[in-house]
Amino acid sequence: MARRHDPERRQRIIDAAIRVVGRAGIAGLSHRTVAAEADVPLGSTTYHFATLDDLMVAALRQANEGFAGVLAAHPALSDPEADLPGELARVLGEWLGGDRTGVELEYELYLAALRRPALRPVAAEWAEGVGALLAARTDPVTARALVAVLDGICLQVLLTDTPYDEEYAREVLTRLLPVPGTQDAPGPGSLPPATAG
């Protein structure tokens, strides 16, 4: 039954869109499926989100709050003495270690930007936001590289359905950002010399 006064309707529609994508993927997302999931008239979804891209932008913005929020709350970002590579590897493990539904959903929406240009600015916002958080402990160039590595590790784990390897992640991140106080550690933005194989 339709609700006469429903100030939370827009948010319920976004939440419903996220559930639909989580269950049926991007291909299952339509104004009709979201209206049914949210228990609202079809006209409500088109009133709040004129196009499907508008709805996907809102869903992606909400999904983006996941990892970025976990990272923003982590004390290592404000502690210059913290082992940042180790802490990032641990946080990534926590993010990937539980129910992966939310992580998969975030990446499904994120990767939808490849085919839907309207989503690209929102996907870029996520990368820029996480990069800005990391730049507080390093520099902008290294922060961008860290975002790329974190993204790549997540995608490898999700696409190959393999267990997350925290030691591997820590090793890779250390090559970009050595532990403070390590002798011969390169400065921010530089890479350590390659070792002979």
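Just so it is clear, the structure is predicted and the values come from calculations on it, not from any experiment.
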Out of curiosity, [X] [atom1] to [Y] [atom2], how far, rounded to the nearest 0.5 Å?
X	Y	atom1	atom2	answer
Ile14	Glu8	CD1	CD	10.5 Å
Arg10	His48	CZ	NE2	8.0 Å
Thr174	Asp83	OG1	CG	6.5 Å
Glu106	Ile18	CD	CD1	9.5 Å
Arg23	Leu29	CZ	CG	10.5 Å
Asp15	Glu37	CG	CD	10.0 Å

Which pair of non-hydrogen atoms, one from [X] and one from [Y], has the smallest distance, and what is that distance?
X	Y	result
Thr33	Gly28	OG1-O, 3.0 Å
Ala112	Leu119	CB-CD1, 3.7 Å
Arg137	Pro80	NH2-O, 3.5 Å
His31	Leu52	CE1-N, 3.5 Å
Ala118	Asp53	CB-OD2, 3.7 Å
Gly131	Ala143	O-CB, 3.3 Å

Can you list, pair by pair, the side-chain donor-acceptor contacts under 3.5 Å of residues 146-156, counting residues two or more places apart and other chains?
from	atom 1	to	atom 2	distance (Å)
Asp151	OD1	Tyr107	OH	2.5
Asp151	OD2	Tyr110	OH	3.0

Inset, instruction - Kindly work out whether a path of hydrophobic side-chain contacts (I/L/V/M/F/W/Y, heavy atoms less than 4.5 Å apart) joins Val40 to Tyr47. - result: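 No, no single cluster joins them.
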
Inset, instruction - Is it possible for you to say whether Tyr168 and Val91 belong to one hydrophobic cluster, with membership spreading through side-chain heavy-atom contacts below 4.5 Å? - result: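 Same hydrophobic cluster.
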
Inset, instruction - Take Leu88 and Leu71, measure what side-chain contact (heavy atoms from CB on, under 4.5 Å) needs, and give me the verdict at the end. - result: CA-CA 8 Å; Leu88 287 174; Leu71 200 56; 3.5 Å; yes

For [Y], is there any backbone N or O sitting under 3.5 Å from a side-chain donor or acceptor partner on [X]?
X	Y	value
Arg12	Asp39	no
Glu108	Gly22	no
Thr45	Leu42	yes

Inset, instruction - With sequence neighbours left out, write down each residue that passes side-chain hydrogen bond (donor to acceptor under 3.5 Å, both in side chains) with Glu87, or none if nothing qualifies. - result: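 Here the qualifying residues are His74, Arg90.
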
Inset, instruction - Would you please name every residue forming a salt bridge (Lys or Arg N to Asp or Glu O under 4.0 Å) with Glu125, sequence neighbours left out? - result: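 By the salt bridge (Lys or Arg N to Asp or Glu O under 4.0 Å) rule, Glu125 matches Arg61.
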
Inset, instruction - Go through the steps to decide whether Arg120 and Leu114 satisfy the test side-chain contact (heavy atoms from CB on, under 4.5 Å), and finish with yes or no. - result: CA-CA 7 Å; Arg120 289 177 190 167; Leu114 290 172; 5.6 Å; no

Inset, instruction - Before giving the answer on side-chain contact (heavy atoms from CB on, under 4.5 Å), spell out for Val157 and Val103 the whole-Å C-alpha distance, their side-chain angles and the decisive distance to 0.1 Å. - result: CA-CA 11 Å; Val157 169; Val103 183; over 6 Å; no

Inset, instruction - Begin from the C-alpha positions of Phe49 and Val34 and carry the test side-chain contact (heavy atoms from CB on, under 4.5 Å) through to its verdict. - result: CA-CA 11 Å; Phe49 303 99; Val34 171; over 6 Å; no

Inset, instruction - Indicate yes or no: does Arg175 engage Glu171 in a salt bridge with an N to O separation below 4.0 Å. - result: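 Looking at Glu171 together with Arg175, the answer is yes, because their closest N to O distance falls below 4.0 Å.
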
